[in-house]
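Whatever order the structure lists ligands and atoms in, that order sets their numbers, starting from 1.
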Amino acid sequence: MRPDLLFRRVTVVDGTGAEPYVADVATRDERIVAIGDLTGYEAGRVIEGEGRCLMPGFIDVHTHDDTQVIRTPDMLAKLSQGVTTVIVGNCGISASPVTLPGTPPDPMNLLGPREAFVYPTFEAYVEAVEQARPSVNVAALIGHTALRANVMSSFDRPARDDEVQAMCLALQEALKAGAIGLSTGLAYTNAKQAPIEEVQPLVDIVGEHGALYTTHMRDEHDGLLTSLQESFSTARNAGADLVISHLKCAGAGNWGRAPLALAALEQAAQSQPCNCDCYPYAASSTTLDAWRVNEQMEIYITWSDPHPEMAKQTLKDIAAQWGVSQLEATARLRPAGAIYHMMEESDVRRILAHPLSMVGSDGLPSDPNPHPRLWGTFPRVLAHYCRDLKLFDLAEAVRKMTGLSAGRFRLQDRGVLREGAFADLTLVDMARIEDVATYSDPCRQAPGIDLVVVNGAVAYENGVVRERQGRLLKRQPAAVAL
Ligand code: ZN
Ligand code: CU
């Protein structure tokens, strides 16, 4: 057998949390075909390890790349971090199935302008992704707010029974067509008025299909623990797997509560499948909304539709220039995007280090001045938190970005480096990798991600995108062992 790629003497970090070891790794077509001492093998191409680590390609479990994978299929922001699969459709917003009567309601505008929403069915979205053939694999959740936008013209009330039924039907069709689950964004103004009675029937359908429920919870501030319980019970009643999105302790009044939140998660995990995702930063980023504004916290404006010239300044400075309050400035700037410095570092570290947490960037690719998590999440975990701060060892860092994620999201034969698995691989130089994307200079490719393979093809090398071989990954019928 002649492999296509042969990695010689690499340190294998296999994604399961097992101790790294040195071996040769061979791929042929789209799979890993051999691991061990492969001396004597002739391959299409040999890549010498030179002290570097070979890992499963990273899975970005929390993205808003729905339309990005089609509009900019190179996906450099993700590929350059070693990411080989993105989960789209988080926080209640998805590109499909959507038929928008007008401008996209907040925060669907994070996915692009109205013209970006041209997928009335999940099949249409699948077709568009396959046609664009992005450099990374894509698995898609269906957003609750997107479903609301199809059937409701005002969002300041619960959906009526007939509207809930229409949403259920749309969700069911999408799941049958291969969507991997449902997401909610219950903290957002346009979904807040959805009571449990509206959400439960949808999550019930998720459970019936053996799919996944992810939630940007109703309250990440004072009501954090209550919101966790709401999420646990909704998923438990439905028999659905659960992922709490970007678990955090938001707002100064909540700092230091990570141990409480994690204890609640641990307890729930004893009786139902549940995890959380998180990004490795103490600032969040989303649309600008009045209820989020708090004069104690630094809020940095990244974009504004009516006042694009005010971007890249703090809300406080803008308010001072205009001689108005921050709330009045917020009203004038909206629709707008912002970065909120609202978490405490020790909470971020506790959540990131917890064995139930997976890494997801929550990067916002349409933002002209994005939060650095868009380009920096995975290198930051490896360089800053693992190598420099030793928050966890390398095997555990990689497990949180690969094996654990593939298990929870049911991505068959991905997220682990073993014979027979898909050849989604990232070659990392742990000595050179650096977290270079910053708040003031966010769009930077990390050094040290030397080569990325997607479905057996070299997708990225020496800082440049090569072959695009990403696929749309449809929902797997059976559970995958974690
Ligand atoms: Zn969110
Ligand atoms: Cu999000």
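Classification of the H62-H64 ring pair by plane angle, with boundaries at 30° and 60°, yields perpendicular.
In this structure S346 satisfies the side chain to side chain contact (heavy atoms under 4.5 Å, CB included) test together with E344, R350, sequence neighbours excluded. The side chain to side chain contact (heavy atoms under 4.5 Å, CB included) test applied to K316 returns T314, Q326, not counting sequence neighbours.
Classification of D305 and R334 as a salt-bridged pair fails, no side-chain N sitting under 4.0 Å from a carboxylate O. Between E163 and R160 there is a salt bridge, with a side-chain nitrogen of the basic residue lying less than 4.0 Å from a carboxylate oxygen of the acidic one. Using a cutoff of 4.0 Å between basic side-chain nitrogens and carboxylate oxygens, R218 and E230 are scored as salt-bridged. Comment: D156 does not engage K192 in a salt bridge, judged by the lack of any side-chain N to carboxylate O separation of less than 4.0 angstrom.
Near-neighbour remark for the Zn ion (ligand 1): protein N, O or S atoms under 2.8 Å are C91 SG, H216 ND1, H246 NE2; waters not counted.
Using modelled atom types, one finds no donor on one side chain facing an acceptor on the other under 3.5 Å when comparing N90 with D362. In this model, a donor atom of one side chain and an acceptor atom of the other lie less than 3.5 Å apart for T286 and Y188.
Each protein N, O or S atom less than 2.8 Å from the Cu ion (ligand 2) was counted, giving 4.
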